[in-house]
There are 2 protein chains.
Amino acid sequence: MSTAPSAERPLRADARRNRERVLAVAAQMFAEQGHEVGVAEIARGAGVGSATLFRHFPTKEALIAAVVEQRLGEVEALLASAQEIEDPGEAFRTLMLDVVRAQVQDRALVEALIDLVHASSPRIEEHIERVTEGVGAILGRAQEAGLVRDDVVAGDIMALASGIASAHCPDLQRPDLVERYLGIVLDGLGPQGASPLHPGPATFDDLAAARLRCGS
Amino acid sequence: MSTAPSAERPLRADARRNRERVLAVAAQMFAEQGHEVGVAEIARGAGVGSATLFRHFPTKEALIAAVVEQRLGEVEALLASAQEIEDPGEAFRTLMLDVVRAQVQDRALVEALIDLVHASSPRIEEHIERVTEGVGAILGRAQEAGLVRDDVVAGDIMALASGIASAHCPDLQRPDLVERYLGIVLDGLGPQGASPLHPGPATFDDLAAARLRCGS
DNA sequence: ACCTGAACACCGTTCAAGT
DNA sequence: ACCTGAACACCGTTCAAGT
C-alpha cells in the first residue's frame with residue numbers, strides 16, 4: 001500500500017495522515033479534471049496549507065507521479081485477475097478492455113503515460129516493467145492458442161491501448177465508444193487477415209536512446 | 001489563404017504583415033514544442049510586442065485555433081489528392097497514413113483536436129465537416145470495392161487516426177512506429193476477420209449533446 | 001489605426017515564523 | 001519535526017501612452 005520509498009523512518013502520525021489525504025484528493029481531482037487543477041485547490045481540498053503539500057511532494061510533477069504510481073498498482077491488479085481467466089482469448093480481451101477503461105476513466109493517467117519517458121522515476125519504470133511482463137504473459141498465451149497474430153509484442157499492445165483510450169474526447173463524448181474502436185483493433189490483432197507489418201516493434205534500445213536524449 | 005473572417009475591411013500593410021508573421025512563428029513553435037510555449041516567446045520570435053499579438057488574436061486559445069485552422073486546410077488538401085488515386089484501397093491507405101502523419105508531425109494539432117469539442121469555433125467546425133465528408137467519400141469507395149468492412153463510418157476512421165497518432169510518445173520515440181500500429185488497425189478495418197461491433201457509431205446527436213453540455 | 005513596454009492577475013514554488 | 005500564510009517568479013492578458 002505504501003507509496004513512499006522503502007528505507008525511511010516512519011512519518012509522524014499527523015504528517016502521514018496529511019500525506020495520504022493530499023494523495024487521495026489529488027487522485028480524485030486529477031482523474032476528474034486532468035492535470036490542470038491548481039495545486040492550491042488540492043491543498044485546500046485536503047485541508048492543508050500549500051507548503052505542506054510541497055513538503056510531501058517536492059513538485060507538482062512529483063505529486064502526479066505518485067498518483068500515477070498508485071494507479072499503475074491498480075492496473076497490475078487488473079492484470080493479475082485477467083491472468084486467472086482460463087480461456088486465452090477471453091483473458092486477452094479482458095486485459096485490453098481493462099487497460100483501456102482504466103485510462104479512459106482517469107484523464108491524468110493518459111496524460112502521464114504520454115509524458116512517461118521524460119518524467120519517469122525509477123519506481124514508475126519498475127511498475128511499467130511489471131505491467132509489460134503481465135501483458136506479455138497474457139499475450140503469449142493468446143498467441144500460442146492461435147488467437148492473436150504472432151508478429152506483435154507487449155509494447156504494441158500497450159501503445160494501442162493508450163491510443164484507443166485517447167481516440168475519444170474523454171469528458172464530453174460517449175466513453176463507451178472506446179469499446180467500438182477496441183473491437184476494430186482486436187479484429188486487426190487476429191490472425192485472419194493479418195498482413196506484414198513495417199517497421200518492426202520498438203526495442204529496449206529505442207527507449208534507452210530516448211531516455212538518453214532528455215538527459216538524466 | 002486568408003484565415004481572417006470574410007467581411008472585414010483590409011488591415012493596414014504593417015498590421016497584416018505582423019499578423020502573418022505571428023501566425024507563422026506560432027505555427028512552427030506549436031508544432032515543435034506543443035502548446036506550452038509562451039506567448040511572449042512567440043511575440044519576440046515574430047518581432048512584435050505581446051500586446052500586438054493579443055490585438056490580432058484576443059487570446060492564446062484563439063491563436064491556437066487560427067493555427068489549427070491553417071493545418072486543417074492542409075489536411076483537406078491531402079484528402080483532395082488522396083481522392084485522385086484511382087485504386088480505392090490505395091486511396092484509403094494513403095488517406096489514413098497522411099492524416100496520422102499530419103498529427104504526429106504537429107503536436108499542437110493532436111492536442112487541439114482532442115479539445116475540439118469545447119474550443120471549436122464555427123469556422124473550425126466547417127473545416128471538420130469538410131474533412132469528414134472527404135474521409136467519407138474515400139471510405140465509401142473502399143467499402144464498395146469490398147476492401148473495408150461495411151460497419152464503420154467516417155467518424156470511426158478519424159477517431160482511430162487520432163488514436164494511432166497519440167499511441168506513441170511524439171518527441172522521443174521513433175515516429176515511424178505509427179506505421180506499424182496503423183498496419184494493425186488497417187487489418188482490423190478489413191472485411192476478413194470482422195466481428196460485430198458494439199456499440200454503434202457516434203451520431204450527430206452525440207456531438208450536439210456534448211456541445212450543449214459545455215454551454216455556448 | 002496601430003504599436004509598445006509597463007502593470008495586473010494567477011499559479012507553482014519557497015521562506016520566515018509558528019507550535 | 002512538522003505546519004502555515006505571506007512572499008516570489010512566471011506567464012497570460014490589459015492598459016496608458018506613443019506614433
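So that the names make sense, note that chain A is the first sequence line, chain B the second, and so on, each numbered from 1. Because only heavy atoms are used, hydrogens play no part in the values below, and waters and symmetry mates are left out as well, while side chains stay in.
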| message | Wobble G-U and Watson-Crick pairs count when both distances are under 3.5 Å; given that, what is the 5' to 3' dot-bracket string of DNA chain D, with | for pairing to other strands? | response | ||.|||||...|||||.||
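- Listed by chain and number, the residues in a side chain to side chain donor-acceptor pair (under 3.5 Å) with A:Glu179 are A:Arg101 (sequence neighbours excluded).
- By the side chain to side chain donor-acceptor pair (under 3.5 Å) test, B:Asp187 pairs with A:Arg149, A:Ser195, sequence neighbours left out.
- Put simply, A:Asn18 has a side-chain N or O that comes within less than 4.0 Å of OP1 or OP2 on D:dC3.
- C:dC2 atom P lies 13 Å from atom CZ of B:Arg17, rounded to whole Å.
- Scored by the side chain to side chain contact (heavy atoms under 4.5 Å, CB included) test, A:Ala26 finds A:Phe30, A:Ile42, A:Leu63, A:Val67 as partners (sequence neighbours excluded).
- For A:Glu20, the side chain to side chain donor-acceptor pair (under 3.5 Å) criterion is met by A:Arg16, not counting sequence neighbours.
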Give every pair of a protein N or O atom and an N or O atom of nucleotides 10-12 of chain C that lie under 3.5 Å apart, one pair per line with the distance.
from	atom 1	to	atom 2	distance (Å)
C:dG12	OP1	A:Lys60	NZ	3.0
C:dG12	OP2	A:Val39	N	2.8

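- Between A:Leu189 and the choices A:Asp156, A:Leu139, A:Ile157, the side chain to side chain contact (heavy atoms under 4.5 Å, CB included) rule is met once, by A:Ile157.
- With sequence neighbours excluded, no residue forms a side chain to side chain donor-acceptor pair (under 3.5 Å) with B:Asp98.
- Between B:Leu53 atom CG and C:dT4 atom P the separation is 11 Å, expressed in whole Å.
- For B:Glu90, the salt bridge (Lys or Arg N to Asp or Glu O under 4.0 Å) partners at least two apart in sequence or on another chain are B:Arg93.
- Sorted pairs that involve residues 42-58 of chain B and meet salt bridge (charged side-chain N to carboxylate O under 4.0 Å, His left out), not counting sequence neighbours, are lacking altogether.
- Partners of B:Glu126 by salt bridge (Lys or Arg N to Asp or Glu O under 4.0 Å), not counting sequence neighbours: none found.
- Whole-Å rounding puts the A:Arg55 CZ to C:dT13 P distance at 16 Å.
- At C:dC2, none of the side-chain N or O atoms of B:His56 fall inside 4.0 Å of OP1 or OP2 (strictly under the cut-off).
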Atom pairs, N/O to N/O, protein against nucleotides 5-8 of chain C, distance under 3.5 Å?
none

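- A 4.5 Å side-chain heavy-atom check between B:Val22 and B:Thr52 finds every atom pair outside the cut-off.
- Residues forming a salt bridge (Lys or Arg N to Asp or Glu O under 4.0 Å) with B:Glu133 (at least two apart in sequence, or on another chain): none.
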